[in-house]
Each structure stands twice: as structure tokens, then as C-alpha cells.
Amino acid sequence: MTRRPELHAVTSAQRDENLSHDRRCILVVETSQVPPLAMQGVSGAVATIIKFPDLDGALLARLQPDIVVAPLIGDRFDILDLAVELDRLGYRGALRAVTRPLPNADLVRREIAAQCPRIDFALIELPLV
């Protein structure tokens with residue numbers, strides 16, 4: 001039997017007052033899949049799914065995410081937009097971009113590192129299905 005991830009999705013209009021501090025907090029920004037493929041098999045975590053325009057300092061302070069996961073390119077933003085905004089808001093945790101395999105992933109890593117050196121950035125390259 002496959003264990004399903006323990007996820008809790010909320011919109012920016014909803015607030016989960018009972019976030020457990022003994023669980024990891026994953027902030028997912030504008031994914032088209034719920035749960036995202038990159039989170040399959042994750043357990044012991046609470047995931048909050050938001051839209052990019054809803055990201056602000058109050059949300060980050062409330063959630064204190066351990067990791068932020070987003071697509072490399074979204075409908076309204078790309079990962080550099082998100083990294084710059086997270087950096088501006090004082091986020092110093094992990095940021096992971098989910099993408100199809102890239103011909104030169106290191107180019108993306110270097111660009112994010114140059115613009116936002118305080119963000120722990122990496123790519124999650126998922127095979128094409």
C-alpha cells in the first residue's frame with residue numbers, strides 16, 4: 001500500500017490556525033497539480049498552496065515555510081520573479097523550482113544565485129510523462 005502525502009491545502013483567504021510546529025511547512029506557489037508531482041511521497045509536512053500575488057510578509061511570518069516550491073515558469077511569474085520577491089521579504093530558506101528536464105539547468109541556477117545569493121535554490125527536474 002502506497003502511503004499518500006499528508007497535505008493540507010489552503011487558499012490565501014483561508015487560515016489554518018492549527019499548523020503544527022513539529023511538522024515541516026511547504027509553501028507551494030501556483031502549481032497546476034494538487035499535490036505537485038515533486039511532493040509525492042512526502043509525509044510529515046503541511047503544504048499551503050497560494051497564488052503568487054498573495055505572497056506577502058505576513059503570510060511568510062505566519063507560515064514560516066521550510067521550503068517554497070513553484071514551477072520554473074508560471075502563468076503570472078517565473079522563478080526569478082519569485083526568488084526576488086522572497087528575498088525582498090526576508091525569506092532565507094529553500095526554494096525549489098519544478099520543471100521538465102532543461103538543456104542547461106546550471107544557467108538557471110547561476111542566474112538565481114547571482115540575483116538572490118541568500119536564497120537556497122535548486123531545480124527539481126521531472127521526466128516528461
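Hydrogens, waters and symmetry mates play no part in the numbers below; they use all other heavy atoms, side chains included.
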Who pairs with D75 by side-chain hydrogen bond (donor to acceptor under 3.5 Å, both in side chains), at least two apart in sequence or on another chain?
-> none

Shortest non-hydrogen contact from D66 to Y91?
-> O-OH, 3.6 Å

Residue pair P71 / I79: nearest heavy atoms and the distance that separates them = O-CD1, 3.9 Å

Closest non-hydrogen atom pair, E30 against P53 = OE2-CD, 3.4 Å

Side-chain heavy atoms of L27 within contact of V69, under 4.5 Å = no

What residues, two or more places apart in sequence or in another chain, satisfy side-chain hydrogen bond (donor to acceptor under 3.5 Å, both in side chains) together with E85?
-> R88

Minimal non-hydrogen separation, L63 against C25, with atom names = O-SG, 3.6 Å

Cationic N near anionic O, under 4.0 Å, D81 to R76 | no

Where do V84 and C116 land on the side chain to side chain contact (heavy atoms under 4.5 Å, CB included) test, with the steps shown first?
-> CA-CA 6 Å; V84 167; C116 306; 3.8 Å; yes

Could you tell me which non-hydrogen atom of A61 sits nearest to which non-hydrogen atom of Q64, and how far apart they are?
-> O-CG, 3.2 Å

Is there a side chain to side chain contact (heavy atoms under 4.5 Å, CB included) between L82 and V29 once you walk through the steps?
-> CA-CA 9 Å; L82 179 58; V29 181; 4.2 Å; yes

Taking C-beta and beyond as the side chain, do L102 and V108 meet within less than 4.5 Å on heavy atoms?
-> yes

Tell me, with the steps shown, if T99 and L126 meet side chain to side chain contact (heavy atoms under 4.5 Å, CB included).
-> CA-CA 6 Å; T99 184; L126 300 174; over 6 Å; no

Can you tell me how far the CD1 atom of I67 sits from the CD1 atom of I26, to the nearest 0.5 Å?
-> 6.5 Å

Is the count of non-hydrogen atoms from other residues, nucleotides or ligands lying under 6.0 Å from R92 atom CZ greater than 12?
-> yes

Okay, side chain of D120, backbone of G93: is any donor-acceptor separation there less than 3.5 Å?
-> no

How would you list, by chain and number, every residue that makes a side-chain hydrogen bond (donor to acceptor under 3.5 Å, both in side chains) with D78, sequence neighbours excluded?
-> none

Could you tell me the separation between the CG atom of L72 and the CZ atom of R96, rounded to the nearest 0.5 Å?
-> 13.5 Å

Inspect the surroundings of CG in L89 and state if more than 12 heavy atoms from other residues, nucleotides or ligands are less than 6.0 Å away.
-> yes

So, do F121 and L123 sit near enough that their side-chain heavy atoms are less than 4.5 Å apart?
-> yes

Note: L59 and D54 closest approach over all heavy atoms is CD2-O, 4.1 Å

Using the side chain to side chain contact (heavy atoms under 4.5 Å, CB included) rule, take V68 and V28 through it: C-alpha gap first, then chi angles, then the decisive distance, then the call.
-> CA-CA 6 Å; V68 176; V28 181; over 6 Å; no

